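Here is the structure we will look at.
These numbers come from a predicted model, not from an experiment.
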Amino acid sequence: MSFQAHDLAGQADALTGSAQQPLAQDLVQSVDWLAIAPPTIAAVVGLAVLVTDLFLKDARKPLLGRLSVAGLAAAALMLLPLVNGDRSTFCRTGAAGACSYTADTFTLVVQFLVLGGALLTALLSVTAVKDAERGLPEGEFWFLLLSSAAGAALLPASRDLATLIVALEVASLPAFALVGLRQGDRRSSEAALKFFLSSVTATAVSLMGISFVYASTGTLYLTEVADRIQHVDGQLTTLAQTGVVLTLVGFAFKTAAVPFHFWVPDTYVGAPLPIAAYLSVIGKAVGFSGLILVTVVALPSYADVWGPALAALAALTMTIGNVGALRQQATRAYSAVRLLAWSSVGQAGYLLVPIAAAAYSDDPERSIGSTVAYALMYAAVNLGAFAVAALVGRTHSLNRVTDYRGLYASNPLTALLLAFFLLCLAGLPPGVIGLFAKVTVFSAAVDAGLGWLAVVMAVNVVIALFYYLQWTALLFRAPAEPTPGHRVPAPLTAAITVAAVLALALSGAPQLILRFTGTGLF
């Protein structure tokens with residue numbers, strides 16, 4: 001009897017071992033360090049800045065800014081070895097396409113946008129931190145900026161829902177602190193609170209939606225979700241549909257789409273100006289990257305749900321954003337920053353158009369390429385506009401639109417560059433890249449059969465022309481009072497120059513922007 005029991009136990013152990021062996025092998029994952037180098041470098045430099053800050057005297061704190069700029073430049077340069085082919089890591093063995101991190105064309109373009117934008121923000125911040133005279137703690141500021149940039153660079157490479165949410169929060173949580181980091185400033189604290197509450201709500205809604213999707217499909221990998229959600233058991237259909245809707249609502253918060261935009265104007269005004277610029281570009285890149293991955297990659301079978309929803313959100317967002325910018329009073333305190341904030345809401349509406357079109361298009365990859373192309377244009381010229389606003393804000397602390405009157409008389413080159421940035425945002429020559437990007441988005445809507453959305457976009461472009469041209473004309477009017485020229489700090493000059501060079505290069509050869517915005521998602 002004992003021999004028989006021992007034999008049965010041995011057979012059971014053998015069966016258990018054979019059943020567990022493939023699972024154990026499946027959990028063994030190799031790491032492609034080159035593929036994950038860009039976000040890793042940003043994170044490591046952030047930790048180095050935090051530790052170095054402990055040992056530096058106040059007089060040597062500016063070294064942290066230079067180290068941060070160098071770290072972001074190194075992270076951006078590490079994109080070059082990845083250009084030649086797609087690379088994936090943190091993959092399950094034996095499961096084709098089940099990877100947590102993929103460095104494809106879409107990933108690299110968005111990471112270039114994120115790290116390049118963070119680098120320009122860092123250049124702006126060097127001057128802002130110095131001007132703040134210890135109002136901004138340098139070690140904490142640079143650590144938070146690098147941490148947020150690392151999360152933002154990780155997000156477009158995320159190919160499972162867990163990594164996606166973690167990257168989203170790593171990008172967002174330091175941004176809350178950056179907005180409210182200015183000591184003794186009530187506007188900064190209020191802006192951080194509004195931003196925090198809206199983002200936490202979005203995260204909670206997204207997490208609930210993702211948990212419902214996981215419960216109905218049994219997987220977190222985007223490609224597997226796309227396959228399994230089409231064959232969900234009938235009893236779980238309602239759970240899956242609810243998960244899809246909640247996930248979309250959560251990401252709509254992150255993109256500042258109307259009606260989830262209420263935090264934008266006050267947050268931009270209360271935040272340090274470089275951080276407002278960062279949120280307007282990198283914050284949008286994070287939200288839209290996540291939205292693209294969730295809709296086009298994970299939920300293509302629900303295109304009949306998210307397509308009409310995003311089309312309606314696009315129309316509403318661009319209209320409310322442009323009308324809000326149009327209503328700004330030029331003499332109101334911080335009206336220049338508020339105008340750029342409302343303008344960024346309107347631009348978010350344009351960015352939503354090609355994603356909505358992907359639901360109706362036979363070639364969704366081309367539609368997504370239009371969104372990425374528009375995002376690249378918007379990043380270069382909007383960061384340039386914020387850089388000029390930072391320059392003017394050094395002598396006009398209230399940063400009103402009327403403070404820009406006669407800028408050409410005191411600083412001709414800066415005025416010409418701001419006029420060029422505003423014309424790009426408006427989509428008028430000589431801002432060819434702005435016109436090209438808008439035509440690309442417009443054609444994506446028309447090709448997808450969304451003629452009504454193309455008409456709404458055309459109307460909004462005309463509305464936007466008024467306030468962009470009004471601001472541009474003000475630059476060349478006679479100044480109300482003589483304004484002496486002043487020296488521009490080198491980091492601020494570098495930020496304006498880089499943004500101008502990018503915008504001018506893309507205006508000279510706009511076809512280049514589409515050549516490098518193929519998504520590689522399919």
Side-chain angles (χ1 to χ4, degrees), residues 62 65-66 68-70 72-73 76 112-132 145 149 268 271-282 336-337 339-341 343-344 347 375-397 399-401 403-426 430-434 468 471-472 474-476 483-508:
R66 292 193 285 271
S68 301
V69 170
L72 288 169
F112 170 74
L113 190 161
V114 165
L115 294 172
L119 179 59
L120 285 177
T121 302
L123 291 172
L124 292 177
S125 300
V126 169
T127 303
V129 170
K130 182 180 179 181
D131 291 345
L145 181 62
Y268 283 25
L273 200 58
I275 302 307
Y278 179 85
L279 292 175
S280 73
V281 172
I282 285 77
V337 180
L339 193 150
L340 287 173
S343 166
S344 75
Q347 299 287 345
L376 285 172
M377 177 282 300
Y378 171 74
V381 299
N382 206 59
L383 284 170
F386 266 103
V388 176
L391 174 61
V392 174
R394 299 184 79 240
T395 53
H396 299 84
S397 58
N399 219 323
R400 298 166 297 195
V401 173
D403 293 334
Y404 293 76
R405 178 171 178 171
L407 182 62
Y408 182 78
S410 60
N411 200 328
L413 182 58
T414 302
L416 289 173
L417 288 176
L418 178 57
F420 177 68
F421 294 141
L422 293 174
L423 291 176
C424 283
L425 288 170
V432 176
I433 186 57
Y468 285 131
W471 192 355
T472 303
L474 200 63
L475 302 174
F476 301 97
T483 305
H486 52 273
R487 182 175 173 272
V488 182
L492 198 50
T493 302
I496 296 173
T497 301
V498 170
V501 168
L502 282 174
L504 288 168
L506 293 175
S507 289

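Using a 4.5 Å heavy-atom cutoff, the side chains of Pro489 and Lys130 are not in contact. With a 4.5 Å cut-off on side-chain heavy atoms, Leu423 and Tyr468 do not count as touching. Side-chain contact check for Leu418 versus Val392: every heavy-atom pair is 4.5 Å or farther apart.
The minimum heavy-atom distance linking Val401 with Leu474 is given by the pair O-CD2, 3.1 Å. A pairwise comparison of heavy atoms in Ala419 and Thr472 identifies CB-CG2, 3.8 Å as the closest pair. For Asn399 against Ala389, the heavy-atom pair with the smallest separation is ND2-O, 3.2 Å. Between Leu145 and Ser125, the shortest heavy-atom contact is CD2-OG, 4.5 Å. Contact between Ala415 and Leu475 at its shortest, heavy atoms only, is O-CD1, 3.6 Å. The two residues Ala118 and Ile282 have their closest heavy-atom pair at N-CD1, 3.7 Å.
Distance CG/Asn411 to OG1/Thr395: 9.5 Å, rounded to 0.5 Å. The line from CG of Leu413 to OG1 of Thr497 is 8.0 Å long, rounded to the nearest 0.5 Å. Atom-to-atom distance recorded for Leu422:CG and Trp471:CH2 is 5.5 Å, nearest 0.5 angstrom. Of the inter-residue distances, the one linking Leu492 atom CG with Leu124 atom CG reads 6.0 Å to the nearest 0.5 angstrom. For the atom pair CE of Met377 and CD of Gln347, the computed distance is 6.0 Å after rounding to the nearest 0.5 Å. Atom CG of Leu340 and atom CZ of Phe421 lie 12.0 Å apart (nearest 0.5 Å).
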Under 3.5 Å, which donor-acceptor pairs do the side chains of residues 271-281 form with other protein atoms, sequence neighbours left out?
from, atom 1, to, atom 2, distance (Å)
Tyr278, OH, Ser148, OG, 2.7
Tyr278, OH, Ala149, N, 3.3
Ser280, OG, Ala277, O, 2.7
Ser280, OG, Asn382, ND2, 2.9

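Ring pair Tyr268/Phe386 is perpendicular by interplanar angle, where above 60° counts as perpendicular and below 30° as parallel.
Here the side chain of Thr121 pairs a donor or acceptor atom with the backbone of Gly117 at under 3.5 angstrom.
Every residue was checked against the ring pair (Phe, Tyr, Trp, His ring centres under 6.0 Å) condition with Phe420, not counting sequence neighbours, and none meets it.
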